[in-house]
Structure formats: C-alpha cells, structure tokens
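Take a look at the structure set out below.
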Amino acid sequence: MKLREAKVVVVGAGGLGCPALQYLAAAGIGTLGIVDHDVVDLSNLQRQILHREKRIGELKAESAASAIREINSSIIAQVHPVTLTSLNARDILSQYDVILDCTDNAPVRYLLSDSAVALGKPLVSGAAMKYDGQLCTYNLQPNGPCYRCIFPKPPAPELIGSCEDSGILGAVTGIVGTLQALQTIKLITGQHEQNASLLLFSALGMPPFRSVRLRQKRENCPACGASDGRAGAIEETDYVAFCGGNQPNWEARGLLPGPTGSRMTPFEVQTALSHAQWTILDVRSRAEFSICHLKDSINIPLQELAHDIPPTLPLGPVVVVCRLGNDSQIAASRLREARSDGENERIIVDMIGGLREWSKDVDPLFPVY
Ligand SMILES: [Zn+2]
C-alpha cells in the first residue's frame with residue numbers, strides 16, 4: 001500500500017501543519033516527520049487544532065506527534081524539535097518523500113524550496129494570512145517551477161506581516177492545511193495532475209477559490225534552472241539575511257532616532273502628554289482599538305493612512321502608537337512625508353515598544369494582549 005510506505009515531513013506544526021498532519025495521519029501515511037522548535041501557547045489553540053490546553057508549554061512537535069498517534073497508533077511519528085536551518089535541512093528532509101511547507105516565515109520558505117530542488121522532492125507549500133490563503137506544489141517533475149521561479153525576491157520585511165501577528169482566521173488555515181494533505185495524498189498515490197498551479201483562497205471572495213496556471217520552471221532560475229548553481233550552496237546561504245533580517249531593518253529605513261528625535265519611550269510620551277497639547281494617534285485596527293486604548297487617543301488604522309495628513313488629525317505634535325511599535329514607525333514616517341510646506345514644523349514621533357511597553361513601563365493596568 002503506497003500510503004503506508006510513504007514518508008512525509010511537515011515543517012511547522014502550527015495552523016497549517018495541524019490540519020495537514022491530522023488528515024495525513026487519518027489517511028494512513030506510514031511515517032510522518034514533524035519539524036517545529038516552538039512550544040504550544042494558549043493563543044495558538046484557535047487554529048492549531050492538534051494542540052490541547054493541557055499541553056501548553058510543551059514542544060509543538062511532541063504535542064502534534066502524540067495527537068496523531070491517538071488518531072492512528074500504527075504511524076511512525078518522528079519528532080524534529082529544531083529550527084530548520086541551512087545546516088540541518090538536508091539531513092532532516094532527505095529522510096522523506098514529500099515535504100510540506102507549513103511555516104509562516106520567508107527565510108524557511110526559500111530554504112525549503114532550495115532543499116527540495118537539491119533533493120529532487122516535491123514541496124507542497126501553504127500560506128495563510130487573515131482571510132486569505134495560498135496553495136502550490138513546487139518542484140514537480142520534470143519541469144515544475146520552484147518557489148524561487150515564482151518569487152525570485154523576498155517581499156519587503158514590513159509587508160510580511162506586522163506587529164508580531166497579523167491575525168489569522170483559524171478556518172482559513174484549516175482549509176489550506178487540509179488541501180496540502182490532499183495534494184500530498186494525490187502525489188503519493190499517483191493521482192496528481194503534475195501541472196503546477198497556484199490556488200488562491202479568500203474567505204471573503206466570491207467565488208472563494210481562484211486558480212492560476214503556472215509556467216514551467218525558469219531556465220535562469222538560480223535554484224532549479226539549467227545552470228544548477230545553487231544545489232551545493234545551501235549550507236553557505238544566510239537565508240535570514242537574504243530575506244532582510246529577522247526584524248525589519250528600521251535603521252536602514254531611516255526610522256530610528258536621529259538628531260530630530262523621531263521616537264519616544266513610553267515614559268517620555270507620558271511626560272510629554274502632561275506638558276503639551278499632543279495628539280495620540282493609534283494606528284491599530286478598529287477592533288483592537290475598541291478593546292482598549294489610551295485616554296483621548298484617536299484611531300486611524302495604518303491601512304487607512306494614505307499619503308496625506310488626515311483631516312481628522314488635530315494641529316500640533318503627534319505621537320503615533322500601535323501594539324508593538326512597528327506599525328507606528330511606518331505610520332509616523334508616512335505622516336512626516338505627507339507634511340505640507342506649512343506643516344514642516346509639526347512634530348511627529350512614535351512610541352517605542354507600543355502599547356505593550358506602555359503597560360510594562362507606565363500603566364500596569366493597561367491590558368496586554
Ligand atoms: Zn526555480
């Protein structure tokens with residue numbers, strides 16, 4: 001039986017990995033590898049459906065492995081509780097026939113794609129953010145594109161998601177993860193059409209699914225193209241640097257405190273508020289704002305801040321706040337660029353560390369979320 005002999009590795013035991021593992025286990029895949037270095041957190045449970053309240057604090061890879069053993073006790077569940085890096089990827093992934101990308105981070109996506117090319121294995125890749133999801137199987141033989149063929153350059157770090165977690169509707173990851181399991185089962189049983197396409201899902205779209213036919217691999221792709229240049233270079237590649245670093249590089253973007261002082265700590269903000277007529281501009285979503293906000297602050301979500309000063313913003317100095325202090329830097333920079341000649345003197349700063357830091361340093365009663 002093909003499914004029982006198959007060996008599949010799922011990288012990421014989170015929102016996508018859990019539903020994928022669940023259906024792969026139920027389908028009777030013989031060996032399932034689980035790669036995840038993280039531990040189960042309460043905030044995971046709305047979408048990472050293999051984890052349980054009683055397992056909070058345990059390794060996700062262990063938690064997921066015990067959950068799938070409960071579904072199917074004959075499964076060999078191999079746990080890899082590590083961060084996948086260019087140094088260990090080949091060793092881990094080479095043990096399996098099909099690789100599932102269930103991660104949410106750009107460096108690992110490129111690392112997985114390059115490794116899949118080097119090892120000649122199909123890569124079933126899923127992604128989800130907010131209401132939208134994507135599914136694609138890369139490196140299909142003989143001519144399927146790899147991830148680099150379609151996305152040669154990583155997106156700017158600030159577009160990948162902001163303020164730690166852009167939020168995800170759990171059912172969206174359920175749909176995409178389940179589709180990843182389906183693609184994998186089709187590959188193993190020889191029922192896959194072997195044509196590469198990118199499936200786009202939007203929970204709010206009508207129709208919710210769209211499929212984009214993908215071209216064959218690019219001849220000049222640095223990973224899978226004719227030159228075959230990268231196959232041996234994975235170990236030497238710094239994937240995090242390739243994707244712009246762990247955190248957006250604010251310094252390079254000119255957003256860190258300069259001589260003009262464009263940022264303030266929560267303490268400095270508190271002092272400033274008591275002396276002058278500052279406006280506090282909160283750029284979080286309306287939903288987050290309605291949960292909690294600073295007294296007298298006004299709310300304009302970052303997405304609605306176009307490249308001019310909103311008419312609702314009172315005159316005088318402005319301090320921009322958000323949850324963790326990243327979106328507020330983008331917003332402050334946008335507002336500074338938007339100042340008209342008459343407004344050049346207007347002070348626009350952002351609060352370092354966001355409202356989370358505010359509740360730590362200034363007001364312990366301010367809700368942390
Ligand atoms: Zn390629």
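Every number for a ligand or one of its atoms is a count from 1 in the order of the listing. These values consider heavy atoms only, across backbone and side chains, with no hydrogens, waters or symmetry-generated copies. Computed from a predicted model, the values in this text were never measured in an experiment.
- Between V321 and S328 the shortest side-chain heavy-atom distance does not fall below 4.5 Å.
- To the nearest 0.5 Å, the span separating OG on S290 from CZ on R284 amounts to 8.5 Å.
- Salt-bridge annotation for R263 and D350: present, with a side-chain N of the basic residue lying under 4.0 Å from a carboxylate O of the acidic one.
- Here R286 pairs with E304 in a salt bridge; the nearest charged N to carboxylate O distance falls below 4.0 Å.
- Applying the ring-ring contact (aromatic ring centres under 6.0 Å, His included) definition to pairs two or more places apart or across chains, those involving residues 112-139 are Y138-Y147.
- Between atom OG1 of residue T178 and atom CD of residue Q183 there is a gap of 12.0 Å, rounded to the nearest 0.5 Å.
- Around the Zn ion (ligand 1), the protein N, O or S atoms found under 2.8 Å comprise C146 SG, C149 SG, C221 SG, C224 SG.
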